[in-house]
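Notes for the one structure printed next.
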Amino acid sequence: MSYFDRATPPTRESRLASCITYGGTICGLAGKGRRSCLENAERSFSQGSICLLLPALGIINSLPDTAVLIHGAVGCGTVTHSQNCIVRMGSAARHGKARDVLWFTTALQELDVVNGGERRLEDAIREIDREHSPKFLVVVTTCIPGIIGDDVDTLVERIAPEIKARMLPVHCEGFKTSIWATAYDAVYHTIGRNLLEPPEGELTSGPNPRLVNLMNVSSMGRPDELELERLLRALGLEVNIFPVFADPGGMHRATRAALSVSTCPTHDDYFLKHLRERYGIPFSIRHMPIGIANTALWLRDIASYLGLKDEVERVIARETAHLQAALEPLLPLFQGKRAFIAAGEMRALANGTLLRELGFEITGMRTFHHDEFAEGEYEKLAADGSDFVVNIADCQPFEEANLLRRLKPDVFMGHVNANSTAARMGIPTVAIYQVGMHFVGYRGVYELARRLHRQIRNPSFNQRLAEHVRLCYREEWYRRDPFSHIQRRGEDQL
Amino acid sequence: MSYFDRATPPTRESRLASCITYGGTICGLAGKGRRSCLENAERSFSQGSICLLLPALGIINSLPDTAVLIHGAVGCGTVTHSQNCIVRMGSAARHGKARDVLWFTTALQELDVVNGGERRLEDAIREIDREHSPKFLVVVTTCIPGIIGDDVDTLVERIAPEIKARMLPVHCEGFKTSIWATAYDAVYHTIGRNLLEPPEGELTSGPNPRLVNLMNVSSMGRPDELELERLLRALGLEVNIFPVFADPGGMHRATRAALSVSTCPTHDDYFLKHLRERYGIPFSIRHMPIGIANTALWLRDIASYLGLKDEVERVIARETAHLQAALEPLLPLFQGKRAFIAAGEMRALANGTLLRELGFEITGMRTFHHDEFAEGEYEKLAADGSDFVVNIADCQPFEEANLLRRLKPDVFMGHVNANSTAARMGIPTVAIYQVGMHFVGYRGVYELARRLHRQIRNPSFNQRLAEHVRLCYREEWYRRDPFSHIQRRGEDQL
Amino acid sequence: MSSYIERPRFSCALCGALMAAAALPDTIPIVHSVAGCVGNVAWTQQGGAALQVGGPCGCLGIPGTNLREREVVFGGLDRLREQIANTVVVMEGRLFIVLTGCVSEVIGDDVDSVVRSYKWAGMDIITARTGGFRGNSYRGYEELLKTLFRDYVRTAKRKSSRLVNLWGVVPGMDVFWRGNLEAMRRLLESMRLEVNTFFTGEDSLETLACAAKAALNVVVSPLYGVEAAEIFTEIHGTTYLVAPFPIGPTATGRFLHMVAEALHIGNEDVDRVIDRESERYYRYLSPLTDPWIDLDLQRYALIIGDANYAFALADFVADDLGWLPEQVFVTDPVPEDQREDILGRRAGLRPEPEHRLVFETDTSAIRHRLDPRWFPVEDGNDYRESFSPAFVIGSSMDRELAESLRAGHLSVGFPVANRAVLDRSYVGYSGGLRLVEDLVGAMVAAR
Amino acid sequence: MSSYIERPRFSCALCGALMAAAALPDTIPIVHSVAGCVGNVAWTQQGGAALQVGGPCGCLGIPGTNLREREVVFGGLDRLREQIANTVVVMEGRLFIVLTGCVSEVIGDDVDSVVRSYKWAGMDIITARTGGFRGNSYRGYEELLKTLFRDYVRTAKRKSSRLVNLWGVVPGMDVFWRGNLEAMRRLLESMRLEVNTFFTGEDSLETLACAAKAALNVVVSPLYGVEAAEIFTEIHGTTYLVAPFPIGPTATGRFLHMVAEALHIGNEDVDRVIDRESERYYRYLSPLTDPWIDLDLQRYALIIGDANYAFALADFVADDLGWLPEQVFVTDPVPEDQREDILGRRAGLRPEPEHRLVFETDTSAIRHRLDPRWFPVEDGNDYRESFSPAFVIGSSMDRELAESLRAGHLSVGFPVANRAVLDRSYVGYSGGLRLVEDLVGAMVAAR
């Protein structure tokens, strides 16, 4: 039985044995696979982080003609105020006009906790359908319904015939998983179950041998899509961009592609396996197109599936030469500078390779979780024999602050909302993604290099800040082992 | 010999015996024509005011494809910073895009005053022509060249063959006239001398019997033009709007019209007489289309020239009925409220009639100058036997402050930059024009009524101000005759 | 109440309590909930709090128990104990506040007992029940205050006649809270009062602990902090004054008089301050007079805000600017029976006619409940009366609405995504000037 | 020098002197020129001075002789005498300042003699030669100061060691002059100095008359008021300090140290102020950190301003914001030989490379003198290095330029047509925060 036949997808912990707790080195990780951080390693002190609801909403909020109903307490989902900015900019870039997300919350209260929230949810669905008539209504389940046992799937199924909107249940009970990446599975799960069959009456053409599904991620903006589209078109391919900002009503067209192309294995494996199993569409998923070598690997992978070996080498050669010439004047500033990276695992690793290409030395890396997809990446970085600290953590800036105080890197690249520790320590910082700017492909390398160049040229903002503000950690903490709150019950540790 | 055959136009003082000094009543003025304020009446105390350069630039700056070169000290022309706002808005309303005025100053310095400014002017013209290639270049002469005797017209004529731009000299020596309205003659003078002949090679069609020139003024914005255009079109006419924001290259088309229609006699008589003398185009100039009755008179005047008597009555009847019904709910608030008006003579008088139509009582009026065009208007206002103070003054807010303290009007309508005295005394104020809003025609009556209504409903801004700031006059001044600084050498005074 | 809220202009109780707790000097909050709650607050601030994210801890630096399925099944108290014990080792702080989230509350963790044991051990630690299902962020702020007043403020033997505590400005929900609190502190200080505002850089845990010495508590809100004030009175005896949130000279003058009266201070100090500040206000405002009239900057105002801002903005634009606030939307979920109370607390102010004041939490519903006169008259010879020219003072979610009304717009209330606020304040006299600058700036931007 | 100036960012000497004279307390200017000069100033303010028009006199309330052709032929002194005599009757004032315009100067009126006779009669009356051909508004300000220092400031027997005079902020040309002067006054007062700023509501004619008691004159400009300072030294002996116009914490700290050093004040007072204010600045700035980095708000800055702002803004964005001010345009007409002086007065600051600092008065010429790297890279796979993302800090005349560079824009320097300024200031610590708010606001407005 496929995962997609069940109402809810599995967690990443159970499906992939992903983990979030490790402190060691790259050499300690490379080649060791999932055993590298044992499932039961845990922190005896932790700081808040995010849950799968946030990245799930990152995709869901972007969908056109879609309303979002969050079934939970009133606070779950207010992250949308932030994602709304991205949706506005993204809509403007794609459709010429900013659009605000239309979202709702059942705002569960004490009585609902006691009596169950199904009645309120049903009323909310009916009322939203009546008052707002969205084409699609995503119903997102959060912690409280998960604990009190609201059966959202059954409810949705029961009332579906009376609701004009196509309902899409998504499960985001935060307590069930520490791996945010489960969010992607949660969203793909509802897409796979509800949106891949063409609507009745629509003529379905057969598979298109030049069409590839380009799986975007919500951290990539339109410029990144255009760069990848440009490269794929240079191979003579047509591109179906999917699923962020994609029209839910047209998602079934993904089943006509000749190949699905992931830009981030962590993001897409669950769905691409489903597309292959169910619709026979192969996928390429091994590399992230970030950095010169990785972009080439990513392109070659695609080409190998489609028999475009000669074409791809021509494209890679031309692009690489063009890029290398452009990078030339920027590189001297980077030589030997020591960089620290913190982000999602695939992204962090790919950027590590990229920074090395620019002449940086990697002095440390923090990744949000670890799973099997990254193994090859660790090996790429460990291949030259150099070693550096690796810390797997769902943020946990206290470990980061300790590490940075020791390592004193020259530049820091971090995930959105995870740069301020380094910034307050006076280290030049560059966000590792920022929706709306270039990060991927060849253009991404160039633009990132320019960004690094200007941040290193004038890091005054962070420097001044560091002179006048301090972090909230005790001085004693910096003198302790940064990983001393990781409860080591296994092997392979420092 | 026509005025237009000379390099410079006459002043209004000499051409029309206009004057700026009078303190008395409407009954003292009505029917007395130009004698009412004698030419040599003067103030023994005066406050600064404006000169003809400002209204002249109001028209000049609006012209598309035109650069403006002010020949004078660096300060003359910085008024353009203010007019630039109007040009931006006006360009956006007419052409969909804001445009900044391109203007220059010769910025005459001490040495130029000694040695003459012609050399600098010539260099400036050549350089502007070379660097900026404007289609038209208006060369505006100010006080200094007027005193030191720079012969701008001869210079322009001499170098014209070498200059790509069509040069348009305009004379604005501020000391030569106290009547700003001379500005209109100054601008029309150059238009009449330089822009009315069709360019060589252009096929000129014959006169168009349905075409009227609608003479706009720079204080009217696009909405006012649209209202008048709407009314003229209702009479089956085509409309050529002229000269503000009109393309200088197409101004010669004005010579093909069947009639020229002024919206302000003070503005247009000099030019319309020229159009009639030189091109045989009759003109209607007696009324300003401000207020219900005046708009009807204005329309009837036009209709009578073009044989549209029946049509015009239908239009007037329909428009008046429509307007009156709309005004109904607003009028109760106005009944018996006492209004004070201060602006250019024609505009002030026409608004006096309008305010009476709305139910206001006129308690006093100040006009910037007086000439023969207004005689009929004074008679309209004096016709019902009511009397009120009339003060003719080129601003002179000290007289206004004294009058307002005595009269305590319920509302004040003043020219732009002339409302702050009343405002600081706590009186509700409405600007008598504001480029970009409705003031003329039927729509103008309605919109002005709405504006008055809301200002009277909540005059807090002015009231709070009056509670906390004071004007800069001595208390003793308010106890003196407001006209005590008018040197009465003539008759017809209080 | 409806079965949903559309785009609420607040988050949950935990979020409100957390933003407030993180704003206290030398204070470390400990969130007893799932990991995502803290991140949700950080991202919510990213999008809603005018580019102000995190306190001294940084946005993801707040300690938390990060509960998982195991704790949901077996209880989270062991994890909480461990977390508290280690928090002291890692985090620099003197007061620790355990804030509960939905999960720890729904599974029934007895947090009080754990906190009590640490307290007995000598730690400065308190706790508040701030599970998201208990209410919105304003409720969380209120709960935090109640906990502070109950469990942290020490009983005082005698009152200090010129010491006042001031609250009612909700950190994070009022994106101008930092500047606003500082501005109100300055105003009252200029009346020769000592002031506790708890959450500014000039406050300290010491002054908070001694807050019971205050002769008066001033709640600058008809709604937020009033319950806490009642508890304060109950425990510490200090009476409280509910005063309108003061924007601009008229409201601020009234505010200062109210405070003076409640403190039985002579008018001398008040009048001196009011005279000086009014003189300054109008001296600075005066040069705007000509443009104000000539550009016709009077507007029909559509006000959308929380209970603090909706009334304060409406009063300011009506009383000081001469605008016409034809409709005022209060976006808090206020039960019917409390609405009267709120209006009652606007003592001395003219009552708002029913149709002008609307309680509405849902963003799209605001549009549906607009007087039809807001909608623009189409071009042409249409004489329909309309609220035009209009200006919308609301949140950044009201931009689409403003655009469709062809109205100007300024983001003042949460969420504010489209501007940065640092020490800007709209409170008091100088705050009124700042607001005038910003409103006019929005109107003349294309000029 | 070119034969013209295109769209000068200043008006004439009379305009500058008039805006300054009208800003003095209890002072009535009398313009001896044609009628239009005063109106020109009023309309210039309407369009350029951020919606601040007129002083206490109102915009067209300034007394003037309104010369006509008759006076041009026969001289204007009789008219001037009449006007002065009647001004005293109508206008409320204690100091009267006759300002000459082009016409009265070109026709050779001996204004001094008339003014002298009134002075001998006991009237407080002085005069300055401010004909438009004498220079621009900055020059007019300088001439006014010189007249004040020469003819109104009384000689003082001894200096008061903690009294300083501060000038260099030009009313009207700096549209933030009111807030800026107040902010600098506050800063220096917090160092326990007494301060004369002449033009604020807290100054008076009495303190102006006693300005010679000052131990130091602080000119916060490399250009405006330096000549006047020399004259002051000559007549009254007070030495002067030319200090950079201080925006933000780095420049302001340096400024305060310079003043303290010049006054031989111990570092104690200075350090106390700097510590307190820096602490406050960074406390308020700190929550912006995440959005600042995550939204990548570092910019290549194109700075266009007068000698005060161009340098001050460039220093602020470079030193405090970490921006890259790749080109800085100074829009004053500074003769070649004085440019070195100006740069020299930026003591202690790194010299600007030649290509970065451009003296250019003409608005279109700025575009022509831009480094080609400002112009945006067209979409597509173009790797040309560019100054992108860019931000233009200039006047409202630079909006078209900014748009064509796809850059953000904030109007700071004259003319400012598109915003209202009341008491806003960009000077000092809080002014730096205000500027950050406004810059970021312009960048994220569509967010």
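So that the names make sense, note that chain A is the first sequence line, chain B the second, and so on, each numbered from 1. Just so we're clear, the structure is a prediction, and the values are computed from it rather than from any experiment.
Using a 4.5 Å cut-off on side-chain heavy atoms (C-beta onward), D:Glu6 and B:Glu131 make no contact. Contact check for D:Ser364 versus B:Leu102: side-chain heavy atoms found under the 4.5 Å cut-off. Side-chain contact check for B:Glu400 versus D:Leu60: every heavy-atom pair is 4.5 Å or farther apart. Using a 4.5 Å heavy-atom threshold, the side chains of B:Val74 and D:Phe10 count as touching. Under the 4.5 Å side-chain criterion, counting only non-hydrogen atoms from C-beta, D:Val34 is in contact with B:Phe175. Side-chain contact between B:His81 and D:Met397 is present, with heavy atoms from C-beta onward closer than 4.5 Å. B:Glu13 is not listed as a side-chain neighbour of D:Arg68, based on a closest heavy-atom distance of 4.5 Å or more. Annotation: side chain of B:Asn84 is not in contact with side chain of D:Arg7 (no heavy-atom distance under 4.5 Å).
Looking only at distances, a side-chain donor or acceptor of D:Asn40 sits under 3.5 Å from a matching main-chain atom of B:Gly75. Side chain of D:Glu400 to backbone of B:Arg99: no donor-acceptor contact under 3.5 angstrom is found.
In this structure, B:Ser178 OG and D:Glu69 CD are separated by 10.0 Å, a value rounded to the nearest 0.5 Å. With rounding to the nearest 0.5 angstrom, the CZ atom of D:Phe133 is 10.0 Å from the CD1 atom of B:Ile148. Interatomic distance, B:Gln83 CD to D:Thr44 OG1, rounded to the nearest 0.5 Å: 9.5 Å. Between D:Glu105 atom CD and B:Ile147 atom CD1 the span is 11.0 Å, to the nearest 0.5 Å. Separation of atoms OG (B:Ser49) and CD1 (D:Ile62) is listed at 13.0 Å; rounding is to 0.5 Å.
Between D:Ile5 and B:Ala107, the closest heavy-atom pair is CD1-CB, 3.9 Å. Residues D:Glu82 and B:Arg43 share a closest heavy-atom pair of OE1-O, 4.1 Å. Shown here for D:Gly61 and B:Pro397, the closest heavy-atom pair between the two residues is CA-CG, 3.9 Å. Closest approach of B:Ser46 and D:Gly64 over heavy atoms only: OG-O, 2.6 Å. Of all heavy-atom pairs spanning B:Glu127 and D:Ser2, the tightest one is OE2-OG, 3.5 Å. For the residue pair B:Gly48 and D:Val38, the shortest heavy atom distance occurs at CA-CB, 3.6 Å.
Among the candidates D:Ser395, D:Gly132, D:Pro63, D:Ala49, the residue making the largest number of heavy-atom pairs closer than 4.5 Å to chain B is D:Pro63. Heavy-atom pairs under 4.5 Å with chain D were tallied for B:Tyr473, B:Trp477, B:Phe398; the largest tally goes to B:Tyr473. Highest contact tally toward chain D, considering only B:Asn417, B:Leu69, B:Leu108, B:Asp100, is held by B:Asn417 [criterion: heavy-atom pairs under 4.5 Å]. Between chain B and the options D:Asn66, D:Val41, D:Val106, D:Val90, heavy-atom pairs under 4.5 Å are most frequent for D:Val90. Among D:Leu14, D:Leu67, D:Val31, D:Val89, the residue with the largest count of heavy-atom pairs under 4.5 Å with chain B is D:Val89. With respect to chain B, the highest number of heavy-atom pairs below 4.5 Å among D:Gln83, D:Glu71, D:Gln46 belongs to D:Gln83.
Contact of B:Ile144 with chain D is made through the side chain alone, with heavy-atom distances under 4.5 Å. Contacts of D:Val72 with chain B are made by side-chain atoms alone, with heavy-atom separations under 4.5 Å and no backbone atom involved. Residue B:His71: no heavy atom, backbone or side chain, is found under 4.5 Å from chain D. Interface remark: B:Thr421 contributes no atoms to any contact with chain D (heavy atom separation under 4.5 Å). The contact between B:Val416 and chain D is made by backbone and side chain atoms together, counting heavy-atom distances below 4.5 Å. At a 4.5 Å heavy-atom cutoff, D:Ser137 makes no contact with chain B through either its backbone or its side chain. For B:Glu173, no part lies near chain D; criterion is any non-hydrogen pair under 4.5 Å. Interface remark: B:Val469 contributes no atoms to any contact with chain D (heavy atom separation under 4.5 Å). Contacts of B:Glu476 with chain D are absent, with no heavy-atom separation under 4.5 Å from either backbone or side chain. In this structure, chain D has a heavy atom under 4.5 Å from the side chain of B:Arg88, while its backbone stays farther away. Heavy atoms of B:Asp394 lying under 4.5 Å from chain D belong exclusively to its side chain. Proximity to chain D is absent for every atom of B:Ala67, based on heavy atoms less than 4.5 angstrom apart. Looking at B:Arg480, the atoms closer than 4.5 Å to chain D (heavy atoms on both sides) all sit in the side chain, from C-beta outward.
Other residues, nucleotides and ligands contribute only 12 or fewer heavy atoms inside 6.0 Å of the CD atom of D:Glu403. Counting non-hydrogen atoms of other residues, nucleotides and ligands closer than 6.0 Å to CZ of B:Arg126 gives a total above 12.
Between B:Glu42 and D:Arg79 there is no salt bridge, since no side-chain N of the basic residue sits under 4.0 Å from a carboxylate O of the acidic one.
Note on residues 27-53 of chain D: no pairs pass salt bridge (Lys or Arg N to Asp or Glu O under 4.0 Å), not counting sequence neighbours.
Screening B:Ile70, B:Asp123, B:Ile128 for a side chain to side chain contact (heavy atoms under 4.5 Å, CB included) with D:Tyr4, the sole residue that qualifies is B:Ile128.
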